[in-house]
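Residue numbering restarts at 1 for every chain, and letters A, B, ... go by the order of the sequence lines. Atom set for the values below is all heavy atoms of this structure, side chains included, hydrogens, waters and symmetry mates excluded.
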Protein chains: 2
Amino acid sequence: MTERPALSKGEIEVARVLWDLKHATVREVYAAFPNSRGIDFTTVQTYLRRLEKKGYVNAKLDGRTRVYTPRVKPRTVIRETVDDLVDRLFAGETFPLMQHLIEDRNVSQEDLDALKILLEQLTEARHESE
Amino acid sequence: MTERPALSKGEIEVARVLWDLKHATVREVYAAFPNSRGIDFTTVQTYLRRLEKKGYVNAKLDGRTRVYTPRVKPRTVIRETVDDLVDRLFAGETFPLMQHLIEDRNVSQEDLDALKILLEQLTEARHESE
DNA sequence: TTGACTGAATTACAAATGTAATTAGACTTT
DNA sequence: AAAGTCTAATTACATTTGTAATTCAGTCAA
């Protein structure tokens with residue numbers, strides 16, 4: 001089963017950076033944060049260690065420095081995280097979330113158009129595989 | 001400012017029940033949980049107390065029993081919670097989340113159609129107000 | 001070789017969270 | 001009125017999370 005403990009907010013932030021970098025040391029992850037974030041080097045270090053313990057990243061020693069690489073794909077984490085949110089906030093229903101996103105946020109016209117295209121494609125794909 | 005502390009997962013669960021009931025005692029909220037949830041009466045009690053402290057619900061004494069009522073609307077909590085998720089997981093971009101919802105989940109054809117209509121409506125509304 | 005310096009590992013710690021045990025107050029029944 | 005019983009309030013506590021201080025191990029300049 002998927003029994004990985006869920007990620008905390010801070011852990012997700014760090015995981016995202018690591019997905020971008022593909023593999024990186026603590027220092028590199030730390031450097032990738034904008035200064036405005038005001039996060040401490042050792043805090044990043046802690047998050048990476050916890051990500052490793054939770055099974056989300058691998059670490060191998062290069063000299064005396066640990067190099068981290070993602071172990072779980074973004075898509076998987078996204079799915080699990082969004083699942084959880086949808087369960088808690090919408091009793092498992094996806095539609096209300098989409099409705100909220102479309103109606104209560106400022107979606108640009110470009111995004112709206114892109115969405116329409118997505119929907120069309122999906123509808124067509126379904127008809128084909130019938 | 002919106003400076004209410006964010007809700008935890010458990011707190012959201014309880015808040016949702018209270019939104020449904022409009023106003024309720026601890027016992028009523030507790031009763032509204034399915035048995036399968038396996039949550040303790042006193043746990044619900046704790047969550048309600050914390051929701052009150054955080055400013056999400058009001059409580060008034062009826063005899064010696066506390067009756068809770070929502071103080072913050074679902075829509076507001078949803079907005080804040082989803083904002084937070086989108087920030088953490090998608091760097092604030094709404095589109096990737098919608099894309100995920102549409103592509104990586106099993107959206108029914110009815111939902112797809114409903115979405116298209118939503119999109120159309122929004123597009124029209126925009127053209128009018130130009 | 002000995003401090004000073006650099007960078008990484010280890011340890012720390014308060015606050016938040018999930019979960020519930022314990023205590024206390026009011027109502028009932030002998 | 002004492003004992004038992006409900007129900008609600010108070011207190012407790014381990015775990016997780018956010019955040020970082022502290023320690024330790026090489027390296028370099030004096």
Side-chain angles (χ1 to χ4, degrees), chain A residues 3-18 23-68 77 80-81 84-85 87-89, chain B residues 3-18 23-68 77 80-81 84-85 87-89:
Chain A
E3 276 334 274
R4 259 187 308 277
L7 293 181
S8 74
K9 291 161 192 277
E11 287 160 0
I12 287 183
E13 268 191 283
V14 169
R16 276 182 20 88
V17 172
L18 193 61
H23 56 86
T25 64
V26 177
R27 192 150 298 277
E28 288 163 344
V29 172
Y30 171 66
F33 274 92
N35 282 347
S36 60
R37 174 58 178 78
I39 195 174
D40 193 278
F41 175 85
T42 53
T43 302
V44 174
Q45 205 171 26
T46 299
Y47 283 143
L48 282 170
R49 193 163 23 76
R50 288 179 185 167
L51 283 170
E52 189 188 359
K53 183 182 298 175
K54 287 187 177 181
Y56 284 91
V57 309
N58 287 126
K60 71 171 199 311
L61 230 47
D62 175 21
R64 65 201 184 85
T65 300
R66 223 171 270 279
V67 179
Y68 292 93
V77 171
E80 292 170 0
T81 308
D84 186 68
L85 180 89
D87 282 351
R88 308 267 172 192
L89 215 46
Chain B
E3 276 333 275
R4 259 186 308 276
L7 293 180
S8 75
K9 291 162 192 276
E11 286 160 1
I12 287 182
E13 267 190 284
V14 169
R16 275 179 24 86
V17 172
L18 193 62
H23 57 86
T25 63
V26 177
R27 190 151 298 278
E28 287 162 344
V29 173
Y30 171 66
F33 274 92
N35 282 347
S36 60
R37 174 59 178 76
I39 194 174
D40 194 278
F41 174 86
T42 53
T43 303
V44 173
Q45 205 172 26
T46 299
Y47 283 142
L48 283 169
R49 193 161 22 76
R50 287 180 185 167
L51 283 170
E52 189 188 1
K53 184 182 298 175
K54 287 188 177 180
Y56 285 90
V57 310
N58 286 126
K60 72 171 197 310
L61 230 48
D62 174 22
R64 68 201 183 83
T65 301
R66 224 171 271 279
V67 178
Y68 292 93
V77 171
E80 291 171 0
T81 307
D84 187 68
L85 181 89
D87 282 351
R88 307 268 172 190
L89 215 46

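Rounded to whole angstrom, the span from the CD atom of B:Gln45 across to the C1' atom of D:dA8 amounts to 6 Å. When the P atom of C:dG7 is taken as reference, atom CG of A:Asp62 falls 16 Å away, rounded to whole Å. Rounded to whole Å, atom P of C:dA16 lies 15 Å from atom CG of B:Leu51. At whole-Å resolution of the value, CD1 in B:Ile39 and P in C:dT17 are 15 Å apart. Distance CD1 (B:Ile12) to P (C:dT17): 10 Å, rounded to an integer number of Å. Between the CZ atom of A:Phe41 and the C1' atom of D:dT23 there is a distance of 14 Å, rounded to whole Å. The CD atom of B:Glu11 sits 11 Å away from the P atom of C:dA16 (whole-angstrom rounding). Atom CG in B:Leu48 sits roughly 10 Å away from atom P in D:dA9 (whole-Å rounding).
Between B:Asp40 and A:Thr42, the residue anchored nearer the 5' end of DNA chain C, judged by the nucleotide with its closest heavy atom, is A:Thr42.
Among the heavy atoms of the strands lying under 4.0 Å from B:Thr43 is at least one base atom, whether or not backbone atoms are also near. Within 4.0 Å of A:Arg27, counting heavy atoms only, lie sugar-phosphate atoms of the nucleic acid but no base atom. Nucleic acid contact class of A:Thr25 (heavy atoms, under 4.0 Å, all strands): none.
Note on B:Ser8: a side-chain N or O is less than 4.0 Å away from OP1 or OP2 of C:dG18. Close to D:dG18, at under 4.0 Å from its OP1 or OP2, lies no side-chain N or O of A:Arg49. Between C:dA8 and A:Arg66, no contact under 4.0 Å exists linking OP1 or OP2 to a side-chain N or O.
With hydrogens and angles ignored, the 3.5 Å screen pairs a side-chain donor or acceptor of B:Arg16 with a backbone N or O of A:Arg88. Of the possible donor and acceptor atoms, one in the side chain of A:Tyr56 sits under 3.5 Å from a partner among the backbone N and O of A:Pro5. The backbone N or O of A:Val67 lies less than 3.5 Å from no partner atom in the side chain of A:Lys60, so there is not a single donor-acceptor pair.
The side chain to side chain contact (heavy atoms under 4.5 Å, CB included) test with A:Val26 singles out one residue from A:Arg49, A:Gln45, A:Arg66, and that residue is A:Gln45.
For B:Thr46, the side-chain atoms get nearest to C:dA20 when compared with the rest of D:dG18, C:dA20, C:dG18. Comparing D:dA12, C:dA8, C:dT11 against the side chain of B:Arg50 picks out D:dA12 as the nearest. Looking at the side chain of B:Lys54, the nearest of the listed nucleotides C:dA8, C:dA20, C:dT17 is C:dT17.
Summarising the geometry of B:Val17 relative to B:Ala32, their closest heavy-atom pair is CG1-CB, 3.5 Å, with the distance given to 0.1 Å.
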